[in-house]
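Contents: one structure, followed by commentary.
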Amino acid sequence: MQKEAALQTEGPVMILAGAGSGKTRVLTYRIAHLLNKGVDAFNILSLTFTNKAAREMKERIAKLVGNNEARNLWMGTFHSVFAKILRIEAEKLGYPTQFTIYDTDDAKSVLKSVIKDLGLDDKIYKPSTVYSRISAAKNNLLSWQEYMNNTEIQSDDRASAKPRLGEIYKLYYERCFRSSAMDFDDLLFNTNILLRNFPDVLHKYQHKFKYIMVDEYQDTNFSQYVIVKKLAAAFENICVVGDDAQSIYGFRGANIQNILNFEKDYPELKTFKLEQNYRSTKVIVKAANSVISNNKEQFQKDVWTQNIQGEKIKVIKTLTDNEEGWSVANSIFETKMTEQARNKAFAILYRTNAQSRSLEEALRKMSIPYKIYGGLSFYKRKEIKDIIAYFRLVINPADEEAFKRIINYPARGIGQTTLEKLTVIAEGVQKSVWAILEDLPHTDYGLNAGIRQKLWDFATMIKSFQVQLHTKDAFELAGNIAAHTGILKELYNEKTPEGVSRYENIQELLNGIKDFTENKTLRISPPSENFFEGEFSTETTALKTLDLFMEDIALLTDADEDVEDKDNADKVSLMTVHAAKGLEFPYVYVVGLEENLFPSQMALNSRSDLEEERRLFYVAITRAEKKLTVSYSQSRYKYGNLFQCEPSRFLEEIDEDLLEKPQENKPAKKVNLTEDFPWGGGSSFKKKTSASTYPSKTPTPSAPKVIPANLKKINTNEAGITQNVESIGDYVLGCKVEHEKFGTGEITKLEGISPNEKATILFEEIGEKVLILRFAKLRIIEP
DNA sequence: GTATTATCTAAGTCT
DNA sequence: TAGATAATAC
C-alpha cells in the first residue's frame with residue numbers, strides 16, 4: 001500500500017495513515033520518485049508540520065537522489081513557506097519586504113494598548129481572549145470589515161458582553177499594518193488576499209508548484225485549506241496525508257472537516273489507507289485502539305500490527321507529583337540497566353509544560369541527562385528578546401513593539417511619560433513613532449530640549465546600525481549592536497547568577513549568528529535568489545546579513561530547537577504531547593494521567609473538546625515502540641497549593657488485560673525518603689509544608705488530607721495560630737542584631753513556621769519592625 | 001526618572 | 001508559584 005501511494009504521483013491523492021504506518025516514508029519516496037522521473041525539484045512544494053520535519057525529510061531524500069536535487073525542493077511549514085513568498089510579493093499588499101513577524105507576546109502587547117486607548121476594561125476584554133477571537137476570525141478568512149458586518153458574530157459578541165471586539169480587531173489590524181508587522185495568522189490570511197486579488201501572482205505560483213504535498217493534513221485550518229486548494233487548481237497534483245485520530249490542534253482552528261471537503265473537491269480522488277503499524281507492539285496498538293474507540297466522531301479505520309505482543313502497559317500510582325518524578329526516574333534507571341538502553345531511547349510526555357519540574361529534579365538527582373523541548377525557549381528569554389528587538393528595529397524602524405521594548409533599555413532617561421507623549425504625537429499625525437524621531441531636527445513637537453537630545457541620540461545610534469545592515473555581515477553587526485547599545489556591559493556588570501547566565505545567553509546568540517554567517521546551518525528552503533531559476537535573481541551578494549538571519553529565526557518552533565545539541569547528545573527527552581507529534585521512542589512515559597489535567601479541566605465542557613483530549617492521549621500512546629508506562633499522582637502542587645487528584649478517565653478506557661496495575665497498599669516504588677518527599681524525613685517537611693501552603697480553595701479541616709495530623713502540633717496550636725518561641729536557630733529573645741538599613745535593635749518576639757519565621761525587633765533608630773528572618777540578613781551582635 | 005517593594009492575578013496545547 | 005503591575009521611596 002505504501003508503494004502504491006508513492007507511485008500515484010498524478011492527480012489528487014489522499015493518504016489516510018494510521019499512527020506508525022510509515023507516512024513519512026511514503027512522502028519521502030514519493031518525492032524521490034518524482035525527482036527520478038525527471039520532475040524539477042523547483043516545481044515541488046511540500047508542506048510539513050515543523051521545520052524540523054522538513055529538514056529531516058530533505059536529508060532522507062538527499063540520501064536517495066543526491067544533495068544537489070534535494071536542495072532545491074521547496075519544503076517547510078505553511079507559515080515559513082508563505083512568509084517567504086509574502087516577502088517577495090509584499091509590496092503588492094502595501095507592506096515592505098522587511099516586514100516584521102509579531103509573535104504572540106507582541107500581538108498581545110499591541111492589543112493591550114488598543115484596549116486601553118479605546119477606554120475599555122482589560123478585565124472584560126482580556127488580551128489573550130481577544131487575541132484568540134481575532135485569530136479565529138483570520139483563520140476563517142474574515143477581515144475586520146466582514147467581522148463587523150457579520151450578524152451572527154455580532155450577536156455572539158453582544159451575548160458575551162464584548163460588543164466592541166470588532167473595533168478592537170480594526171484598530172489592531174491598522175496598528176500592525178502601520179508597524180509593518182504581520183502576526184502568525186496574517187501570514188496565512190495575507191497569502192490568501194494575495195492569491196485572491198492578484199490573478200497573475202496566483203497563476204505564477206500555480207505553475208511553479210506543479211506538485212504539492214501536505215503532511216499532517218488533519219491539522220490544517222480553513223485558511224490553509226483555501227491556499228492549498230487555490231495553488232493546486234491548475235494541475236491538481238495534490239497529495240495530502242493525514243490521520244483524523246491524530247487531530248490535536250482544534251484550538252488553533254484545525255478542522256477535520258478539511259478531509260471531508262477534500263473528497264468533495266476532487267471527485268476523481270484516489271484514496272489510500274495505511275493501516276498496518278510498523279512501530280509499536282501489539283499491546284500498544286490495541287491500547288490505542290481501545291482508547292480512540294470511545295470517540296464518536298471518527299473515520300472507519302483498523303490499525304493493526306504484525307509486531308510482537310510486547311510487555312503490558314505499566315501503571316505507576318504515587319502519592320505526590322514529586323514521588324511521580326522519582327518513580328519515573330527510577331524506572332528509567334532500571335530499564336537502562338536491564339535492557340541496556342540508551343538515554344535517548346526514552347521520552348517523558350506530559351500535558352502541560354509546568355509538569356516538567358518534578359521530573360527534571362528527579363532526573364537531575366539521579367544523574368540522568370535529559371533535554372526539555374518547549375517551555376521557555378531560547379528566543380523567548382528576556383535578554384534575547386531585548387537584543388533581538390534592536391535587530392528588529394534596525395531592519396524595520398516602523399516596528400513599534402520593538403521600539404517600546406528598547407527605547408529605554410538599557411536605561412537612557414526616556415521614561416513612560418515621554419513614551420506616552422510620543423505615542424500621542426504619532427497618533428495625531430498618523431505616523432510611526434520612529435518617524436517622529438526622524439522629524440526632531442525640524443520640529444520640536446512641544447518636547448523639551450533635554451528629551452529631544454536623548455531621543456535624537458537614540459535615533460542616531462539606530463541609524464548608524466541601519467547603515468551597516470547591508471555592508472556588514474550579521475555577526476559583525478550583531479556584535480556592534482550588543483556592544484554599542486551597552487547591553488553587554490549592562491549584563492556583564494550584573495554579578496548575580498541570573499545576570500551571568502543572561503550574559504552567556506547573549507554570547508550564545510552571537511555564536512549562533514556566527515555559525516549562520518559562516519553558513520554552517522542548513523537552510524530549509526532554497527535561497528530566494530534562485531527561487532525562480534534566475535527569473536528574480538537579485539545581485540547575488542554572498543554577504544549573510546542580519547535581516548536574513550532574522551527571517552530564519554522568526555518562525556522557529558519548539559521542535560526545531562535542537563540546534564544547540566549539535567553532538568546529537570544521548571539524553572532523555574521531555575516534552576508535551578503536542579510537541580511529540582510525529583516522533584517515536586522505544587520507551588515512553590506518559591505522566592500526570594489525572595482528571596482535570598489530562599483531560600484538561602478546560603476540555604470537560606464540550607464533547608468535541610474532550611474528544612480532542614482523547615486524540616491527544618492516542619497520540620501519546622502511539623509514540624511508544626517497545627514499552628509504554630503511564631503514571632498518575634494522588635496529589636499535586638498547582639500554583640503553590642496542594643490539590644487532590646483523581647485518576648484520569650482515559651486509564652479506564654484501556655482494556656484491563658493490557659495493563660499492569662500497581663498493587664494497592666504498597667508504595668509503588670522505593671524512593672529516596674529524605675529529600676523531596678515532604679513527610680519522609682523528620683525535618684525536611686518544613687521546606688514544603690507550612691500553614692500558608694495549605695490549599696486555599698478548600699476549607700482547612702478537610703484540605704490537608706495528605707499532610708499527617710501530627711505535623712500540625714509542631715508549629716501551630718490547635719486553633720492553627722502560630723506560637724511564639726524562645727529561639728529560632730541562633731536567634732534568641734533579647735539578643736541584639738544589626739540590619740543593614742535599620743541599624744541595631746533588640747529581638748522582642750519570635751514566631752512563625754519554617755520557612756517564614758518572623759522576628760519582631762525594636763530598632764534604636766526607627767522603632768519596632770517585624771521581619772522575616774529568611775530575608776532580613778541580620779547580623780547577631782550580642783547573643 | 002529610576003529602583004525597590006508590595007500586591008495582584010493567572011493558571012493549556014503552538015505557528 | 002511566578003510574572004506583571006502598581007505603589008513607594010529616593
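Predicted model only: the values in this text are computed from it and were never measured. The basis for the numbers below is simple: all heavy atoms, side chains too, and nothing from hydrogens, waters or symmetry mates. The sequence lines fix the lettering, A, B, ..., with proteins before strands; numbering per chain opens at 1.
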Inset, instruction - Assign F78(A) to base, sugar-phosphate, or nothing according to its heavy-atom contacts below 4.0 angstrom with the strands shown. - result: nothing
Inset, instruction - Using the six-membered ring of Y249(A), assess whether NZ or CZ of R252(A) lies under 6.0 Å from its centre and within 45 degrees of the ring axis. - result: yes
Inset, instruction - Please confirm whether any donor atom in the side chain of Q355(A) sits under 3.5 Å from an acceptor in the base of dG12(B), or the reverse. - result: no
Inset, instruction - For I414(A) and dG1(B), give me the distance from atom CD1 to atom P, rounded to whole Å. - result: 10 Å
Inset, instruction - Name the nucleic acid region contacted by S128(A), choosing base, sugar-phosphate or nothing; use a 4.0 angstrom heavy-atom cut-off, strictly under. - result: nothing
Inset, instruction - Please report, rounded to the nearest Å, how far the C1' atom of dA10(B) is from the CD atom of Q601(A). - result: 13 Å
Inset, instruction - Answer yes or no: does a side-chain N or O of T576(A) lie under 4.0 Å from OP1 or OP2 of dC14(B)? - result: yes
Legend entry - Note, R357(A) side chain near I372(A) side chain (heavy atom, < 4.5 Å): no
Inset, instruction - Assign N408(A) to base, sugar-phosphate, or nothing according to its heavy-atom contacts below 4.0 angstrom with the strands shown. - result: sugar-phosphate
Legend entry - Under-3.5 Å donor-acceptor pair between R351(A) side chain and dT13(B) base: yes
Inset, instruction - Assign Q224(A) to base, sugar-phosphate, or nothing according to its heavy-atom contacts below 4.0 angstrom with the strands shown. - result: nothing
Inset, instruction - Round to the nearest Å and state the distance from Y618(A) atom OH to dT13(B) atom C1'. - result: 20 Å
Inset, instruction - Would you mind reporting whether D219(A) and S247(A) have side-chain heavy atoms less than 4.5 Å apart? - result: yes
Inset, instruction - Establish, yes or no, whether a centroid distance under 6.0 Å links the rings of H578(A) and F251(A). - result: yes
Inset, instruction - Would you indicate, yes or no, if dA11(B) has its OP1 or OP2 atom less than 4.0 angstrom from a side-chain nitrogen or oxygen of N353(A)? - result: no
Inset, instruction - Could you say whether the aromatic ring of F251(A) and the base of dT13(B) stack, counting only centre distances under 5.5 Å and plane angles under 30°? - result: yes
Inset, instruction - Give a yes/no on whether any side-chain N or O of T418(A) is located under 4.0 angstrom from OP1 or OP2 of dG1(B). - result: yes
Inset, instruction - Identify whether any heavy atom of R615(A) sits under 4.0 Å from a base atom; if not, whether one sits that close to sugar-phosphate; answer base, sugar-phosphate or nothing. - result: nothing
